[in-house]
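Values in this document were obtained by computation on a predicted structure and should not be read as measured data. Atoms considered below: every heavy atom in the structure, side chains included; atoms not considered: hydrogens, waters and symmetry mates.
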Amino acid sequence: MVGVSDTAGAPESTPPAPCAAAGESRVEWTFPDEPDAVRAARSLVRTTLNEWGLNAISDLAVLLVSELVTNALRYATGPIGVCLRRGRGDALVVEVSDPLPELPLARDAHPDDEGGRGLQLVARTSRRWGTRRGASGKTVWFELVLPG
């Protein structure tokens, strides 16, 4: 599984800066830790990517955000942040943050397991992904290559 972690570090790969770089299209939301957060996040991500003309990667981005917000709801308590960044480069950076300081662990799910595939899905469909600890929790991020 390809990934980058700020804490473990990969010398040849640097994680993206936190969701606040100048000169980028950026949007972020905070959701309460309630089941409706997943639906709301999917809807806002889809709407934003369509407004940015990124329909080609919208379905995948929505799926991965849905997985990560669901993980945040399942394992953490407190607000969930979602941030989208479209810079001058060739990638869309998506971040999902929650107040739980422990970094997620990707695991191999057995065929009959009901869960355990979210991070595998992120790892296999994004160009890069990783985690970083913050002052009050963690962020899981991924990059999708922009079309064209």
Novice: Might you point out which heavy atoms bring Ser66 and Val38 nearest each other, and give the distance in Å?
Specialist: OG-CG1, 3.4 Å
Novice: Taking all atoms of both residues into account, what is the closest heavy-atom pair of Pro99 and Gly78, and its distance?
Specialist: CG-CA, 3.7 Å
Novice: Closest heavy-atom contact between Leu73 and Pro35?
Specialist: CD1-CA, 4.1 Å
Novice: From Arg39 CZ over to Leu44 CG, what is the distance, rounded to the nearest 0.5 angstrom?
Specialist: 9.0 Å
Novice: Can you tell me how far apart CG (Asp33) and CG (Leu100) are? Round to the nearest 0.5 Å.
Specialist: 12.0 Å
Novice: Considering all heavy atoms of both residues, which atom of Ser126 and which atom of Leu144 are nearest to each other, and what is their separation?
Specialist: CA-CD2, 3.9 Å
Novice: With side chains defined as the heavy atoms from C-beta onward, is the minimum distance between Pro104 and Val140 less than 4.5 Å?
Specialist: yes
Novice: So how far is it from Thr48 OG1 to Glu28 CD, rounded to the nearest 0.5 Å?
Specialist: 12.0 Å
Novice: First locate atom CG of Leu121, then atom CZ of Phe142, and finally report the distance between them rounded to the nearest 0.5 Å.
Specialist: 9.5 Å
Novice: Quick one: NZ on Lys138 to CG on Leu103, what's the gap to the nearest 0.5 Å?
Specialist: 7.0 Å
Novice: Report yes if some heavy atom in the side chain of Trp129 is under 4.5 Å from a heavy atom in the side chain of Leu64; otherwise report no.
Specialist: no
Novice: Determine whether Asp98 and Val69 make a side-chain contact, defined as any pair of heavy atoms from C-beta on separated by less than 4.5 Å.
Specialist: no
Novice: Measure across Ile80 and Pro32 and return the closest heavy-atom pair with its distance rounded to 0.1 Å.
Specialist: CD1-O, 4.5 Å
Novice: First locate atom CG of Leu49, then atom CG of Leu92, and finally report the distance between them rounded to the nearest 0.5 Å.
Specialist: 5.5 Å
Novice: Using the salt bridge (Lys or Arg N to Asp or Glu O under 4.0 Å) rule, take Glu95 and Arg132 through it: C-alpha gap first, then chi angles, then the decisive distance, then the call.
Specialist: CA-CA 10 Å; Glu95 301 178 352; Arg132 72 171 167 272; 2.9 Å; yes
Novice: Please find the pair of heavy atoms, one from Arg127 and one from Ala91, that lie closest to each other, and give the distance.
Specialist: NH2-CB, 3.0 Å
Novice: Are Asp59 and Arg46 packed together at the side-chain level, in the sense that at least one heavy-atom pair is separated by less than 4.5 angstrom?
Specialist: yes
